[in-house]
Structures are given as C-alpha cells and as structure tokens.
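To start, the structure under review is shown below, and the notes come after it.
What you see below is based on every heavy atom in this structure, not just the backbone, and it leaves out hydrogens, waters and symmetry mates. The first residue in the sequence is number 1, and the count goes up from there.
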Amino acid sequence: MVPGQVQHDSACKAVLSRADGVSFVADSQNDQSINNSELFQNVAVNEARVGLDFQKLPLVVQFNKRDLTNILSREEIMSRWGLAPWPVVFSVAITGPGVMETFRQVLLQVFTDIEKDYNLAEEHGVSSDDFLTGIMGDVSFAETDR
C-alpha cells in the first residue's frame with residue numbers, strides 16, 4: 001500500500017493477517033504528511049482487525065523519495081517519528097539506498113520474535129547474523145544522506 005490508497009482495506013487486511021513484520025513506506029514529500037498519517041492509522045486499525053498487536057509486530061518506518069527536492073528534512077521527520085518505538089530508515093527506492101537496510105531492520109525484529117519462541121541461538125546455534133546472512137546473503141547497506 002502507498003499513501004492515498006486507503007480504499008484497498010481488504011487487501012491490506014489480507015496481507016497483514018499473514019505478516020511476520022511490516023515495512024511502512026512513507027512518502028518524504030512535503031505535501032504527503034497527511035496521507036502518510038492516514039495510511040499509518042489505517043494500517044494500525046487493520047492490524048487490530050486481524051488480531052495483531054500493533055505494539056509488538058515487527059515494524060520499520062521507511063521514508064522514501066529522498067532524492068526529490070520538495071521533501072521534509074531528516075530533522076522534521078525525526079521530530080515527528082523519532083520517539084516512536086519503530087526504527088526509521090531513509091531511502092531512495094528507485095536507486096536502492098535504504099531499501100535493503102529497511103528489510104534488514106524488519107528481519108532483525110522478526111528474528112527477535114522467533115528467538116523467543118524457538119530458542120534459535122541456544123538450541124540450534126543460529127545467531128541473528130546467521131539468520132540475516134541466510135536470508136539476505138552478504139549484502140552491503142547504503143542509506144541515503146538526505
């Protein structure tokens with residue numbers, strides 16, 4: 001889902017019902033703050049509808065389109081989102097910076113949840129690094145400076 005597509009509630013609920021983690025992709029453009037807020041609220045409502053605990057589900061907030069000129073500054077974004085319990089990543093999806101880092105952040109949170117249930121490190125010798133490498137391979141991470 002992207003900002004402005006709240007009309008796709010049923011698809012959102014279907015995806016969330018099977019999600020181990022969520023990457024919320026917000027639009028960094030100045031004029032998209034209201035759409036971002038509405039969509040984030042919609043995701044929270046839909047998570048509750050499918051029986052997920054929004055405060056416990058692994059979630060990362062990604063601010064995309066950092067390559068454009070009419071965007072909120074990092075400082076503005078962090079003043080609004082910095083106290084939230086979720087990691088915030090800045091990205092340029094069209095060229096890649098920040099995208100793999102967002103995925104990595106979601107996977108780290110998913111690993112933490114799985115570790116609690118299955119004792120992966122102690123019983124199976126699987127560390128968070130092993131988990132990430134097994135899924136992502138050897139990937140370098142580039143985050144945008146903007």
Side-chain angles (χ1 to χ4, degrees), residues 1-118 120 126-146:
M1 292 182 66
V2 296
Q5 292 188 341
V6 174
Q7 70 270 23
H8 298 296
D9 262 4
S10 59
C12 181
K13 284 187 277 192
V15 169
L16 288 172
S17 70
R18 299 292 206 176
D20 292 319
V22 173
S23 171
F24 176 79
V25 181
D27 190 322
S28 292
Q29 295 178 92
N30 288 322
D31 62 354
Q32 293 301 308
S33 292
I34 292 172
N35 282 339
N36 289 335
S37 296
E38 288 174 356
L39 185 58
F40 193 81
Q41 181 61 37
N42 182 261
V43 171
V45 166
N46 281 320
E47 279 186 326
R49 286 181 182 156
V50 298
L52 297 173
D53 184 343
F54 194 63
Q55 296 301 316
K56 292 182 182 175
L57 182 71
L59 180 113
V60 175
V61 177
Q62 178 191 83
F63 275 86
N64 190 27
K65 299 185 181 180
R66 303 302 296 168
D67 56 326
L68 301 180
T69 56
N70 61 334
I71 58 173
L72 297 167
S73 69
R74 284 175 89 95
E75 293 76 22
E76 289 171 305
I77 290 169
M78 293 311 292
S79 73
R80 297 175 193 177
W81 290 84
L83 295 177
W86 311 289
V88 175
V89 177
F90 297 91
S91 71
V92 181
I94 198 164
T95 57
V99 174
M100 292 302 285
E101 179 58 26
T102 300
F103 185 49
R104 179 181 176 277
Q105 289 292 326
V106 171
L107 287 176
L108 281 172
Q109 291 180 51
V110 168
F111 176 82
T112 300
D113 281 0
I114 294 171
E115 171 63 21
K116 289 176 193 171
D117 294 337
Y118 299 103
L120 294 178
V126 178
S127 69
S128 60
D129 287 341
D130 296 332
F131 183 77
L132 291 173
T133 302
I135 294 171
M136 300 180 73
D138 258 343
V139 177
S140 63
F141 301 100
E143 187 174 319
T144 179
D145 291 333
R146 292 193 69 195

[X] versus [Y]: any side-chain heavy-atom pair under 4.5 Å?
{"X": "Ile77", "Y": "Arg66", "answer": "yes"}
{"X": "Leu108", "Y": "Ser128", "answer": "yes"}
{"X": "Asp67", "Y": "Ile94", "answer": "yes"}
{"X": "Ser127", "Y": "Asp130", "answer": "yes"}

Say you draw a straight line from [atom1] of [X] to [atom2] of [Y]; how long is it, rounded to the nearest 0.5 Å?
{"X": "Leu16", "Y": "Asn42", "atom1": "CG", "atom2": "CG", "value": "9.0 Å"}
{"X": "Ser17", "Y": "Asn46", "atom1": "OG", "atom2": "CG", "value": "10.5 Å"}
{"X": "Asn30", "Y": "Glu76", "atom1": "CG", "atom2": "CD", "value": "6.5 Å"}
{"X": "Ile135", "Y": "Phe103", "atom1": "CD1", "atom2": "CZ", "value": "6.0 Å"}
{"X": "Lys65", "Y": "Leu72", "atom1": "NZ", "atom2": "CG", "value": "12.5 Å"}
{"X": "Leu39", "Y": "Ile34", "atom1": "CG", "atom2": "CD1", "value": "13.5 Å"}

Open item on the list: For a quick check under 3.5 Å, do Asn36 and Ser33 share a side-chain donor-acceptor pair by atom type?
Closed with: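 Their side chains do not contain a donor-acceptor pair, so the 3.5 Å distance test is not met.
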Open item on the list: Distance alone, cut at 3.5 Å: any donor-acceptor contact between the side chains of Gln109 and Gln105?
Closed with: no
Open item on the list: Suppose we screen for side-chain contact (heavy atoms from CB on, under 4.5 Å). Which residues come up paired with Glu75, at least two apart in sequence or across chains?
Closed with: Ser73
TODO: Hey, can you tell me if Phe131 and Phe111 have their rings parallel, tilted or perpendicular (30° and 60° cut-offs)?
DONE: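 Correct class here is tilted.
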Closest non-hydrogen atom pair, [X] against [Y]:
{"X": "Leu59", "Y": "Pro87", "result": "O-CD, 3.4 Å"}
{"X": "Ser91", "Y": "Val99", "result": "CB-N, 4.2 Å"}
{"X": "Val22", "Y": "Val106", "result": "O-CG2, 3.7 Å"}
{"X": "Ala93", "Y": "Asn64", "result": "N-OD1, 2.8 Å"}

Open item on the list: Taking salt bridge (Lys or Arg N to Asp or Glu O under 4.0 Å) as the definition, give me every residue that meets it alongside Arg80, ordered by chain and number, with sequence neighbours left out.
Closed with: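 So Arg80 forms no salt bridge (Lys or Arg N to Asp or Glu O under 4.0 Å) with any residue.
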TODO: Starting from the C-alpha separation in whole Å, work towards a yes-or-no answer on ring-ring contact (aromatic ring centres under 6.0 Å, His included) for Trp81 and Phe63.
DONE: CA-CA 10 Å; Trp81 290 84; Phe63 275 86; 5.7 Å; yes
Task: Asp31/Gln29 under side-chain hydrogen bond (donor to acceptor under 3.5 Å, both in side chains): CA gap, chis, key distance, verdict - done: CA-CA 6 Å; Asp31 62 354; Gln29 295 178 92; 4.9 Å; no
Open item on the list: Strictly distance-based, threshold 3.5 Å: is any side-chain N or O of Glu115 a donor or acceptor partner for the main-chain N or O of Leu120?
Closed with: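 A pair under 3.5 Å: yes.
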